[in-house]
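What you see is a predicted model; the values in this text were computed from it and never measured.
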Amino acid sequence: MRLVVSSKSLKTLLVASKDKPTIAKIHALMILTGIFGHGNSNAKLILSYARLGHIESARQVFDKSPQRGVDAWNAMIIAYSGRGAMFEALSLYHRMASEGVRPDSSTYTVVLKACTRSLDLRSGEETWRQAVDQGYGDDVFVGAAVLNLYAKCGKMDEAMRVFDKMGRRDLVCWTTMITGLAQNGQAREAVDIYRQMQKKRVEGDGVVMLGLIQACTTLGHSKMGLSIHGYMIRKDIIMDVIVQTSLVDMYAKNGHLELASCVFRKMLYKNVISWSALISGFAQNGFAGNALQLVVDMQSFGYKPDSVSLVSVLLACSQVGFLKLGKSVHGYIVRRLHFDCVPSTAVIDMYSKCGSLSSARTVFDQISFRDLISWNAIIASYGIHGSGEEALSLFHQMRETKVKPDHATFASLLSAFSHSGLVEKGQYWFSVMVNEYKIQPSEKHYACMVDLLSRAGRVEEAQELIDSMITEPGIAIWVALLSGCRNHGKFLIGEMAAKKVLELNPDDPGIYALVSNFFATARRWDEVAEVRKIMKKTGMKKVPGYSVMEVNGKLHAFLMEDKSHHQYEEIMQVLGKLDYEMKAMGYVPKTEFVLHNLEEEVKERMLCNHSERLAIAFGLLNTGPGTRLLITKNLRVCGDCHEATKFISKIVNREIVVRDVKRFHHFKDGVCSCGDYW
DNA sequence: TAGCCTCACC
């Protein structure tokens, strides 16, 4: 019996084959039947081997082909480029000419793709020039590839130059521009290009919409995002898992978690990325508990968390001080996944925000590759723990590497100086930032400097600095100035700062307390009454303060006057006993931190029931003598609680660490590491 | 033959 095998059927089999032995059999059959060596059969074989990762076999086919058409060369370049072997891909491309094979449109496209993968702008531009020389300058495939090269290398100006000159543009060219602009932080320009595209009556598909959704995400334009979503539904544009995931991401990043969850729930097909998008949305918006619950849910649906979703878990852990879970996630990533730059930075941040600065440092010292963000994270870690000198020393080490400090590095460094009271160092490095690094100071940088100068009593200099600002100073700056004025009795400047603070109407009751205290210190009772009036009007709607503490691997959260806790009675007994001992040692409740019109005794009781106080008492009840307590608070620690915690640390002979929204307070033996200025 | 999704510091 004679077996008839057609070239076409073998090629179809090749595309469908899922393992090397099958391909090898078809390969053998091709040789036996004489198909091998004709047409582009060798190219198909090369691609099939490469698809399954057998690059050596692919190369053997290439080397043993009796004649190699341009398809075989292209296939081999794709094979190398897909494996990240850029050098081999490029050398093949260079060899083609010497072997008398003329590159075609595909060759330029795949070589440009290879250059894009390795971000090799120089080779890419050279390839593009050669493509133009050979008459492929108007080819939309080559054009889209060069636009993508520029976009991925962050050269959108260059991309725009090429795009403007293009004789023909297909949908992919438009999309590459829109996506490229959106991903390079030029979201407005992305929208402009889309408008141009509409004018030319080019219909957008899901991928174009995805670029626009990303633009909405960065611009924070949820309204526009919503209208794009509606447009896709009306126009029946297919929303695949990628487009749906970016919708989830867009809604979540813009704070619309219900909408994000709603899109997510309606997704028929989900993947780990869509879960991660939702989880990170909750974590980034401060809903640590929901984020953690979602990770449990995703596992029950059979999805295994990857390093991206676990980074969000770490973020949630750092928010609430969940050291135990953070530690186990760290271990899991190290053992099972890739512990590269992003997860290691998240781990550093988690340890430092959970109070373990030394663990953060150990991880930082062990990682082999440190990028800008890892340096920023470790510098910030020392800053929030009040170690300005160590932050500076790390900054010096960073300057010895190739990594260039950015605005965030200086924000962390200056904040470290302000938390450590290093005024001259702050001034010096602020001027270095502006003059040497040409970084335009932002609101955060100014706030650090104003804080630094004001706490040293140099409020006039602080005011001069504020006057030199080009942008309108925000609340953080006026609050910093006001604190200094209050502490140093500078009433004239302070009054102006207080008025500014009230105009800006902050959300934080602690800030109203500061303003009220300032006026009380200046004996300006009318203004004190005015602040109370504002508080009464808006104050009751403020974010409720809560404190979180981990005991035996479980998190316990406390709200102010929280009676729901099963140990509430015991907690109140502990607090009562402590109150008695504290008063005997000279503690006087700072009732000015309660701004309601209440009797003194009631105010005192309210102070006593602040969430951080409840958490401390709970910690004392449930941990052994001498154990360090770590409490995480969502707002700034209250001034009276700060005073009380100092006394408590001495009475119970414990180290009490409180992390508030700004920094760490290490209370030990009646003293706080912040030096009573925060 | 093409273009596309999630994560770290401030």
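Classification of the A:W174-A:F163 ring pair by plane angle, with boundaries at 30° and 60°, yields perpendicular. Using bins of under 30°, 30° to 60° and over 60° for the plane-to-plane angle, the ring pair A:H229/A:Y251 lands in the tilted bin.
Residue-level contact check: A:E443 touches neither bases nor backbone, having no heavy atom under 4.0 Å from any strand. A:C341 comes within contact range of at least one nucleobase, with a heavy-atom separation under 4.0 Å. The residue A:D170 sits close to a base: some heavy atom pair falls under 4.0 Å. Among the heavy atoms of the strands lying under 4.0 Å from A:D205 is at least one base atom, whether or not backbone atoms are also near. Counting non-hydrogen atoms under 4.0 angstrom, A:K253 reaches the backbone sugars and phosphates but no base. Using a 4.0 Å heavy-atom distance criterion, A:L315 is classed as a sugar-phosphate-only contact. Heavy atoms of A:S412 sit under 4.0 angstrom from primed sugar atoms or phosphate atoms, though from no base atom. Residue-level contact check: A:Q284 touches the backbone only, with heavy atoms under 4.0 Å from sugar-phosphate atoms and none from bases. If you check every strand for non-hydrogen atoms under 4.0 Å, A:A408 touches a base.
Note that the first and last nucleotides of DNA chain B, 5' to 3', having any atom under 4.0 angstrom from a heavy atom of chain A are B:dT1 to B:dC10.
For A:D306, the side-chain contact (heavy atoms from CB on, under 4.5 Å) test picks out A:V272, A:S276, A:V308, A:S309, with sequence neighbours left out.
A cation-pi arrangement is present between A:K270 and A:F264, with the terminal nitrogen or guanidinium carbon under 6.0 Å from the aromatic centre and inside a 45° cone about the axis.
Side-chain atoms of A:Y382 and A:R361 include a donor-acceptor pair closer than 3.5 Å.
Under the 4.0 Å criterion applied to side-chain N and carboxylate O atoms, A:E436 and A:R399 are assigned as salt-bridge partners.
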